[in-house]
Every structure is written in C-alpha cells, then in structure tokens.
Protein chains: 2
Amino acid sequence: MSATADDRPGFELPLLLLAGFRALIDELHAELARQGHPHARPVHGFAMQAIGPGGASASEVGRRLGVSKQAAGKTIDRLEEIGYAERVDDPADGRRKLVRLTPRGVDALTRSAAIFDRLRSHWAAALGADRLADLEDALRAMTGPTGLAVDTVSWLAT
Amino acid sequence: MSATADDRPGFELPLLLLAGFRALIDELHAELARQGHPHARPVHGFAMQAIGPGGASASEVGRRLGVSKQAAGKTIDRLEEIGYAERVDDPADGRRKLVRLTPRGVDALTRSAAIFDRLRSHWAAALGADRLADLEDALRAMTGPTGLAVDTVSWLAT
DNA sequence: GGACATCGTCAACCCGGTTTACTATTTCGA
DNA sequence: TCGAAATAGTAAACCGGGTTGACGATGTCC
C-alpha cells in the first residue's frame with residue numbers, strides 16, 4: 001500500500017479538470033449568446049471581473065489579471081469595441097483614465113453570475129449536493145487561497 | 001429545498017477547476033525543467049501525445065488536436081526546433097511526411113507520465129485516495145467520454 | 001523646482017490560431 | 001486507362017493576446 005500504488009494513471013486528472021472547466025465555460029457562453037451576448041469571450045469575462053463595479057485604471061486591470069498594462073489596454077480596447085466598457089478621464093488624476101463597465105457590460109456580468117449558479121445547480125443535481133461541495137473543498141484544499149484568483153487566464157498561452 | 005438553493009456561488013466552480021489544472025501543469029513543467037526539459041510547454045505535451053509513439057502525419061496531428069493542419073504544422077516546426085520531433089518522408093506515400101518523436105521527445109513524454117503519477121499520488125495522500133477517485137469519477141460523469149480528449153488545449157484562445 | 005514614479009499609448013515582435021490558395025501526389029471510377 | 005476528385009504539405013496574410021522597450025504627460029515628494 002505505497003502511496004503511489006494506484007491503478008489510475010495520473011495524466012487523466014489534469015485532463016478531467018480542464019474538461020470540467022471547459023464544459024462550464026462553453027455552456028456559459030452558449031447561454032450568454034442566447035441571452036443577447038454573442039460577442040462575449042472567456043477572456044472578456046475575466047477582464048470585466050477585474051474592472052469591477054467601481055471601475056479601475058488600465059494599469060490596475062493589468063495588475064489584477066497578472067498581465068502587462070499594455071496587454072490590459074488591448075483587452076480594454078476590445079471591450080470598448082463590443083460595448084462592454086468605456087474610458088473616461090479621471091478628473092482627480094490627469095494621467096489616469098478610468099475604465100468603467102457600461103450597463104451592457106454589467107448586464108453580461110450579472111447574467112453570467114446567474115448562469116454559473118444554474119450550471120452549478122445542474123452539477124449538484126447530477127452528482128449530489130454534498131459530493132459537489134466535497135469536490136470544491138478538495139480543489140480548494142489543493143490550490144490554496146490562490147485557487148480563486150483571476151490571473152490564471154492568460155497563462156495557458158505561455 | 002429547491003435545486004438552485006445553495007449557499008455557494010456558482011462562479012467558484014470553474015475557477016477551482018482551472019486552478020487545479022493549472023497547479024498540476026505548473027508543477028509538471030517545473031519538475032520537467034529540473035529533469036532537463038526546460039523548453040517543454042503545455043501545448044508541446046499535448047502535441048507529442050497526438051503524434052504518439054508510432055508517429056503521425058501533420059494532418060493527423062491536426063485532426064487529433066482539433067486544429068487545422070496548418071496550425072499543427074507550425075507546432076511541429078516548434079517541436080522540431082527544440083528537438084522533440086522530426087519529419088521523414090513517407091516512402092509509401094509521396095505526399096505524406098511522417099512526424100516522429102525523437103528519443104528526447106519520448107524521454108519528455110515518459111518523464112511527464114511519471115511526474116503526473118507522482119502528482120496524483122500527492123493529491124491522493126492529501127485528500128484521501130477514495131476522495132480523489134470520487135472527484136475523478138464526478139468529473140468523468142459531468143464531462144462524458146470527451147473528458148479525456150486532447151483537443152481542448154487551443155480552445156481558450158478563441 | 002527638480003528628481004522620480006506612474007499612467008497611457010505606440011511600435012515591434014512572438015506565438016498559436018485561422019482562411020485562402022497553391023503544388024504534388026494518390027485514389028478511384030467511368 | 002486516364003482524368004476527376006481527394007488528400008498532404010506549405011506559404012501568405014491575417015487576428016488576438018501576450019511580451020518588451022520607449023516615449024510624453026502628469027503627480028508626488030524632498
């Protein structure tokens with residue numbers, strides 16, 4: 001009964017985690033498209049989360065996402081194009097431009113939250129609420145407090 | 001006791017799944033770098049898996065990864081540069097070039113498998129073997145047979 | 001007032017993906 | 001048998017998101 005003695009190959013675990021993530025994100029965006037947000041992309045959701053309800057500067061967004069301010073600026077450009085964010089001059093600091101979510105951006109975010117809640121309830125119905133809660137607890141235990149960080153998106157590309 | 005009544009917000013689940021995936025992949029590549037493979041990247045591992053021990057054509061690799069043959073060709077270029085794969089003319093078909101893993105590529109792959117096994121055993125030690133097995137079973141149930149597919153890598157970029 | 005830090009932006013580049021287009025080769029059927 | 005159709009590989013142009021380096025404009029602090 002060595003700790004490594006297990007009939008399951010280790011390479012499946014990451015694939016299953018990724019597949020679970022992908023399944024949820026795919027369903028989110030399919031439903032988001034149905035609800036009038038066909039242009040939303042995963043990276044946009046993370047960026048809007050980083051902007052937050054109170055707005056933020058491009059540099060702050062970059063820091064929160066763990067990318068350069070230039071990269072954040074490009075993503076914000078994109079968000080502006082599809083109408084989810086806007087830039088306004090910061091009256092208190094001539095260097096800063098405050099990035100704010102538009103009502104449409106807020107709508108996408110609140111819909112996303114509702115859809116995620118519904119998807120989780122589907123999982124709870126299929127697996128059992130306690131089993132799903134235990135799955136989350138286990139992942140939280142293995143990933144630590146960084147498990148809920150938002151700066152994990154861009155990392156795959158590296 | 002409605003199915004949607006749960007105190008946990010749904011948005012945490014995908015973040016935890018992604019964080020778990022990222023944690024495993026990060027540890028894999030840190031260990032791989034320590035073992036003499038500092039240039040390996042996640043996408044390369046998936047591509048080498050798609051090439052397989054027997055080799056494959058670029059088009060086959062593309063189909064297995066769910067990307068265009070051109071994209072597969074670029075990734076194979078990269079694998080060739082870092083010495084993990086090579087192209088040889090297929091004597092039986094003048095159009096095809098067989099992509100084969102080099103010994104170094106095979107070494108990276110076998111080391112990866114061993115590292116993944118070890119990482120899984122760490123998880124099993126921390127969580128309990130039965131709890132980890134149940135986590136995998138749950139994910140398998142929610143993702144279906146596609147849960148172990150390799151074609152999930154490039155999708156985030158979209 | 002001047003040195004230094006920060007903000008936003010531009011430019012050039014990398015990487016991995018796409019589509020379109022093309023040649024070379026093989027396969028298959030009339 | 002021979003010509004049409006399918007397939008393999010490659011190139012070119014583009015996109016999106018990432019990087020670094022540089023820059024002017026503005027704030028901050030001594």
Side-chain angles (χ1 to χ4, degrees), chain A residues 22 25 29 39-51 55-82 84-100 150-158, chain B residues 22 25 29 39-51 55-82 84-100 150-158:
Chain A
R22 182 189 170 156
I25 298 296
H29 284 282
H39 297 306
R41 292 283 170 274
V43 60
H44 302 148
F46 284 96
M48 289 198 285
Q49 211 72 47
I51 294 171
S57 72
S59 293
E60 281 168 349
V61 172
R63 281 192 292 265
R64 291 178 190 169
L65 292 177
V67 301
S68 66
K69 60 182 181 178
Q70 296 91 328
K74 285 192 194 181
T75 301
I76 293 167
D77 288 345
R78 198 109 205 94
L79 249 28
E80 265 188 327
E81 281 173 28
I82 57 184
Y84 286 165
E86 59 183 358
R87 285 180 170 100
V88 300
D89 288 336
D90 185 331
D93 186 335
R95 298 167 302 176
R96 278 171 41 108
K97 290 186 183 170
L98 188 63
V99 182
R100 280 189 318 209
V150 192
D151 64 353
T152 312
V153 200
S154 59
W155 142 94
L156 233 206
T158 312
Chain B
R22 181 188 172 156
I25 299 295
H29 285 281
H39 298 305
R41 292 282 171 274
V43 59
H44 301 148
F46 284 97
M48 289 198 285
Q49 210 72 48
I51 293 170
S57 71
S59 295
E60 282 167 349
V61 172
R63 282 191 291 266
R64 290 176 190 170
L65 292 177
V67 301
S68 66
K69 59 182 180 177
Q70 296 90 332
K74 287 193 193 180
T75 300
I76 294 166
D77 289 344
R78 198 112 204 92
L79 286 177
E80 265 189 327
E81 282 174 27
I82 57 183
Y84 286 166
E86 59 183 358
R87 286 181 169 100
V88 300
D89 287 336
D90 185 333
D93 186 336
R95 298 166 301 177
R96 278 170 41 107
K97 291 185 183 171
L98 188 62
V99 182
R100 281 189 319 210
V150 192
D151 65 352
T152 312
V153 200
S154 59
W155 141 95
L156 232 203
T158 314

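Order of the sequence lines fixes the chain letters, A, B, ..., with proteins taken first and strands second; residue numbering starts at 1 for each chain. Every value quoted in this text rests on a predicted model; they were computed, and no experiment measured them.
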Engineer: Using a cut-off of less than 4.0 Å, is there contact between a side-chain N or O of Ser57(B) and OP1 or OP2 of dG9(D)?
Structural biologist: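 For Ser57(B), the contact criterion (side-chain N or O under 4.0 Å from OP1 or OP2 of dG9(D)) is met.
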
Engineer: Between P on dC10(C) and CD1 on Ile76(A), what's the gap in Å once rounded to a whole number?
Structural biologist: 13 Å

Engineer: Arg96(B) has a side chain; which of dT26(D), dG9(D), dT10(D) sits nearest to it?
Structural biologist: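 Looking only at heavy atoms from C-beta outward on Arg96(B), the closest nucleotide is dG9(D).
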
Engineer: Are any of the side-chain nitrogens in Glu60(B) or Arg96(B) under 4.0 Å away from the carboxylate oxygens of its partner?
Structural biologist: yes

Engineer: Does Thr75(A) place a side-chain N or O at less than 4.0 Å from the phosphate oxygens OP1/OP2 of dG17(D)?
Structural biologist: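 No, Thr75(A) has no side-chain N/O under 4.0 Å of OP1/OP2 on dG17(D).
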
Engineer: Can you measure Asp93(A) atom CG to dC29(D) atom P for me and round it to whole angstrom units?
Structural biologist: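 One finds 12 Å between P of dC29(D) and CG of Asp93(A), rounded.
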
Engineer: Tell whether Glu60(A) reaches the base of dT6(C) with its side chain through a donor-acceptor pair below 3.5 angstrom.
Structural biologist: no

Engineer: Please find the pair of heavy atoms, one from Val67(B) and one from Ala72(B), that lie closest to each other, and give the distance.
Structural biologist: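 Minimum heavy-atom contact is CG2-N, 4.1 Å.
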
Engineer: Whole-Å distance between dG17(D) C1' and Phe46(A) CZ?
Structural biologist: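 Going from CZ in Phe46(A) over to C1' in dG17(D) covers 15 Å.
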
Engineer: Map Ala71(A) and Ala58(B) onto DNA chain D by nearest heavy atom, then report which one ends up closer to the 5' terminus.
Structural biologist: Ala58(B)

Engineer: Atom NZ of Lys69(A) to atom C1' of dT6(C): distance rounded to whole Å?
Structural biologist: 7 Å

Engineer: Determine whether any donor atom in the side chain of Lys97(B) lies under 3.5 Å from an acceptor atom in the base of dG9(D), or the reverse, and answer yes or no.
Structural biologist: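 Donor-acceptor pair under 3.5 Å: no.
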
Engineer: Classify the side chain of Lys74(A) and the base of dG16(D) as holding, or not holding, a donor-acceptor pair under 3.5 Å.
Structural biologist: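 No.
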
Engineer: Taking NZ, NE, NH1 and NH2 as the nitrogens, is one of them in Asp89(B) or Arg95(B) under 4.0 Å from a carboxylate oxygen of the other?
Structural biologist: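 No, Asp89(B) and Arg95(B) are not salt-bridged.
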
Engineer: Are any non-hydrogen side-chain atoms of Val88(A) and Arg100(A) less than 4.5 angstrom apart?
Structural biologist: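 Of all side-chain heavy-atom pairs linking Arg100(A) with Val88(A), at least one is under 4.5 Å.
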
Engineer: Are Arg87(A) and Ile76(A) close enough that some pair of their side-chain heavy atoms sits under 4.5 Å apart?
Structural biologist: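 In short, these two side chains touch, coming nearer than 4.5 Å.
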
Engineer: Could you check how far NE2 of His44(B) sits from C1' of dC15(C), rounded to whole Å?
Structural biologist: 9 Å

Engineer: Does the base of dG16(C) carry an N or O that pairs as donor and acceptor with the side chain of Gln70(B) under 3.5 Å?
Structural biologist: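 A donor-acceptor contact between them is absent.
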
Engineer: dT9(C) phosphate, OP1 or OP2: any side-chain N/O from Arg87(A) under 4.0 angstrom?
Structural biologist: yes

Engineer: Side chain of Arg95(B) only, heavy atoms from C-beta on: which candidate in dA6(D), dT20(D), dC14(D) is closest?
Structural biologist: dA6(D)

Engineer: OP1 or OP2 of dC14(C) versus the side-chain N and O atoms of Arg41(B): is any pair under 4.0 Å?
Structural biologist: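 Negative; the distance criterion is not met.
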
Engineer: Does Ser68(A) put a side-chain nitrogen or oxygen below 4.0 Å from OP1 or OP2 of dG18(D)?
Structural biologist: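 For dG18(D), OP1/OP2 do not have a side-chain N/O of Ser68(A) under 4.0 Å.
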
Engineer: Verify the contact: side-chain N or O of Arg78(B) to OP1 or OP2 of dG16(C), cut-off strictly under 4.0 Å; return yes or no.
Structural biologist: yes

Engineer: Find the distance Leu65(A):CG to dT19(D):C1' and express it as a whole number of Å.
Structural biologist: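 Checked: the CG to C1' distance equals 15 Å.
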
Engineer: Take the protein atom CG of Leu98(A) and the nucleotide atom C1' of dT6(C), then report the distance between them rounded to whole Å.
Structural biologist: 16 Å

Engineer: Provide, to the nearest angstrom, the distance between the CD1 atom belonging to Ile82(A) and the P atom belonging to dC15(D).
Structural biologist: 17 Å

Engineer: Does any non-hydrogen side-chain atom of Arg64(A) lie less than 4.5 Å from one of Ile51(A)?
Structural biologist: no

Engineer: Would you classify Gly73(B) as touching base, sugar-phosphate or nothing, given that sugar-phosphate means primed atoms plus P, OP1 and OP2, and contacts are heavy atoms under 4.0 Å?
Structural biologist: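 It contacts nothing in the nucleic acid.
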
